[in-house]
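When a ligand or atom number is given, it counts from 1 through the structure's own listing order.
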Amino acid sequence: MNYLEKRILEDGIVKPGNVLKVDSFLNHQIDPMVMEEVVNEFLNYFGDRKITKVITIEASGIAPAIMLAAKLKVPMLFAKKTEPSTLKNENRYESEVHSYTKGVTSNVIISKEYLDETDSVLIIDDFLANGQAALGLADIVQQSGAEVAGIGICIEKSFQKGHELIKEAGLDLFSICRIKSLEDGEVQFMEE
Ligand code: G4P
């Protein structure tokens with residue numbers, strides 16, 4: 001069992017609707033020890049890839065993404081969910097991301113200034129549920145002509161569709177924790 005899995009069992013709270021609350025160490029208060037362990041896991045898996053940029057989506061993806069980017073010594077770029085007033089339409093890539101959890105669709109945006117065909121990009125996020133955020137980011141990377149080096153996720157809810165959709169898209173996915181079930185208020189991980 002890895003460190004993040006242990007923390008989920010100790011400090012995670014299962015909420016109704018198959019939601020795992022990890023506000024005490026990942027989604028609100030952020031424990032740097034957890035971040036260090038998360039970064040080590042990502043480095044073990046992706047460390048030998050050519051990566052020129054780490055990208056994520058605001059807000060909760062930013063912490064693991066910046067910590068990893070610092071180790072890789074590359075920039076971290078985050079997609080914005082709200083219309084930036086300083087970024088004109090022709091200067092941006094955008095992709096529609098539907099959140100099944102929140103029931104809203106948002107346009108996620110990245111400036112053309114920071115992503116192009118010379119980049120090899122690692123996509124990082126805190127949660128993978130239905131995969132819409134990760135696939136939206138992959139779409140933006142592909143629009144820019146850059147390569148998706150892989151997708152790294154802290155907590156995957158393997159009983160939702162995201163894992164399957166990302167694999168079907170032919171993308172290399174690594175999730176530090178894979179949750180098989182949150183039924184009856186209990187966290188169960190996939191067996192290795
Ligand atoms: P998807 O991107 O994989 O399709 O996820 P989905 O639409 O189902 O989830 C929408 C938001 O809810 C995402 O955050 C996602 O990370 C988060 N989420 C999904 N399931 C859980 C869960 O069980 N626990 C927690 N804590 N979060 C979950 P977001 O809207 O982008 O929020 P944020 O990054 O601004 O925090």
Side-chain angles (χ1 to χ4, degrees), residues 4-31 34-35 38 41-42 54-69 76-84 93-110 121-142 148 150-190:
L4 184 55
E5 288 171 333
K6 282 188 200 134
R7 285 298 295 269
I8 290 171
L9 292 184
E10 279 166 21
D11 300 322
I13 300 166
V14 180
K15 301 295 248 186
N18 281 329
V19 170
L20 176 67
K21 185 170 170 174
V22 287
D23 278 8
S24 65
F25 61 93
L26 186 63
N27 278 162
H28 192 21
Q29 172 171 263
I30 299 175
D31 185 337
V34 174
M35 288 298 123
V38 157
E41 296 280 350
F42 286 144
V54 175
I55 81 167
T56 189
I57 186 163
E58 61 180 347
S60 305
I62 292 177
I66 186 66
M67 298 279 288
L68 178 60
M76 186 279 284
L77 179 63
F78 65 93
K80 300 194 179 211
K81 286 183 195 157
T82 48
E83 193 92 346
Y93 303 112
E94 47 195 349
S95 189
E96 266 194 4
V97 171
H98 178 71
S99 169
Y100 292 94
T101 312
K102 295 183 176 164
V104 292
T105 300
S106 47
N107 228 6
V108 299
I109 297 163
I110 281 187
V121 179
L122 182 57
I123 296 170
I124 294 292
D125 213 352
D126 58 333
F127 268 89
L128 175 66
N130 290 299
Q132 298 307 297
L135 289 168
L137 288 175
D139 175 38
I140 283 180
V141 173
Q142 283 153 356
V148 179
I151 299 183
I153 299 291
C154 298
I155 304 174
E156 172 187 306
K157 292 160 81 181
S158 308
F159 54 89
Q160 291 186 236
K161 309 199 286 283
H163 182 102
E164 210 179 307
L165 291 176
I166 288 172
K167 289 290 183 187
E168 273 171 21
L171 298 167
D172 187 7
L173 169 67
F174 169 67
S175 302
I176 298 171
C177 297
R178 299 192 65 204
I179 295 178
K180 184 165 74 175
S181 157
L182 292 172
E183 272 165 36
D184 303 322
E186 199 187 319
V187 181
Q188 277 186 34
F189 296 109
M190 305 275 283

## Note on the structure
In this structure, atom 16 (O) of ligand 1 is nearest to the protein heavy atom F127 CB, 3.2 Å
### Message
Could you identify the single nearest non-hydrogen protein atom to atom 20 (N) of ligand 1 and state the distance to 0.1 Å?
### Response
K157 NZ, 2.9 Å
### Query
Looking at ligand 1, does any of its N/O atoms fall within less than 3.5 Å of an N/O of L128?
no
### Query
Which atoms of ligand 1 have any heavy atom of N130 under 4.0 Å away?
1 (P), 3 (O), 4 (O), 5 (O), 8 (O)
### Task
Check whether any protein heavy atom sits under 4.0 Å from atom 22 (C) of ligand 1.
yes
### Task
Output the list of atoms in ligand 1 that are nearer than 4.0 Å to some heavy atom of A129, sorted by atom number.
3 (O), 5 (O), 8 (O), 19 (C)
### Task
Taking only heavy atoms of K81 into account, list the atoms of ligand 1 that are under 4.0 Å away from them.
29 (P), 30 (O), 31 (O), 32 (O), 33 (P), 35 (O)
### Task
Check whether any N or O atom of Q160, backbone or side chain, sits under 3.5 Å from an N or O atom of ligand 1, and answer yes or no.
no
### Task
Identify the two heavy atoms, one from G61 and one from D125, that lie closest to each other, and give their separation to 0.1 Å.
CA-OD1, 3.6 Å
### Closest protein heavy atom (residue, atom, distance) for atom 34 (O) of ligand 1
S60 N, 3.1 Å
#### Entry: Q188 atom CD, over 12 foreign heavy atoms within 6.0 Å
yes
### Task
Using a strict 4.0 Å cut-off to heavy atoms of K102, name the atoms of ligand 1 that fall inside it.
29 (P), 30 (O), 32 (O)
### D31 and R7, any side-chain heavy atoms less than 4.5 Å apart
yes
### Message
Closer than 4.0 Å to some heavy atom of Y100 - which atoms of ligand 1 meet that?
### Response
7 (O)
### Query
Quick one: does L182 get an N or O within less than 3.5 Å of an N or O on ligand 1?
no
### Query
Tell me, do E5 and V187 make a side-chain contact under 4.5 Å, heavy atoms counted?
no
## Note on the structure
Heavy-atom nearest pair, L122 first then I151, reads CD1-N, 4.2 Å
### Query
Could an N or O of ligand 1 be found under 3.5 Å from any N or O of G131, whether backbone or side chain?
yes
### Summary
When distances are taken from atom 24 (N) of ligand 1, the protein heavy atom at minimum range is L20 O, 2.7 Å
### Query
To which protein heavy atom is atom 9 (O) of ligand 1 closest, and what is the distance rounded to 0.1 Å?
T101 OG1, 3.1 Å
### Task
Report yes or no: does Q132 contribute a side-chain atom to a donor-acceptor pair with the main-chain N or O of N130 at less than 3.5 Å?
yes
### contact_flag I57 ligand 1 heavy-atom lt 4.0 Å
no
### Protein contact of atom 4 (O) of ligand 1 - nearest heavy atom, named by residue and atom, plus distance
Q132 N, 2.9 Å
### Query
Crowded around H98 NE2? As in, over 12 foreign heavy atoms under 6.0 Å?
yes
### Heavy-atom donor-acceptor pair, E58 side chain to K81 backbone, under 3.5 Å
yes
### Test item: I166 and L128 side chains (from C-beta on) under 4.5 Å apart, heavy atoms
yes
### Query
Who are the side chain to side chain donor-acceptor pair (under 3.5 Å) partners of T56, not counting sequence neighbours?
none
### Polar proximity ligand 1 side, G61 side, N/O cut 3.5 Å exclusive
no
## Note on the structure
shortest atom 10 (C) of ligand 1-to-protein heavy-atom contact is with S99 OG, 3.2 Å
### Task
May I ask you to test the L182-F159 pair for a side-chain heavy-atom distance under 4.5 Å?
yes
### Query
According to the salt bridge (charged side-chain N to carboxylate O under 4.0 Å, His left out) rule, which pairs have a member within residues 159-179, sequence neighbours left out?
R49-D172, E156-R178
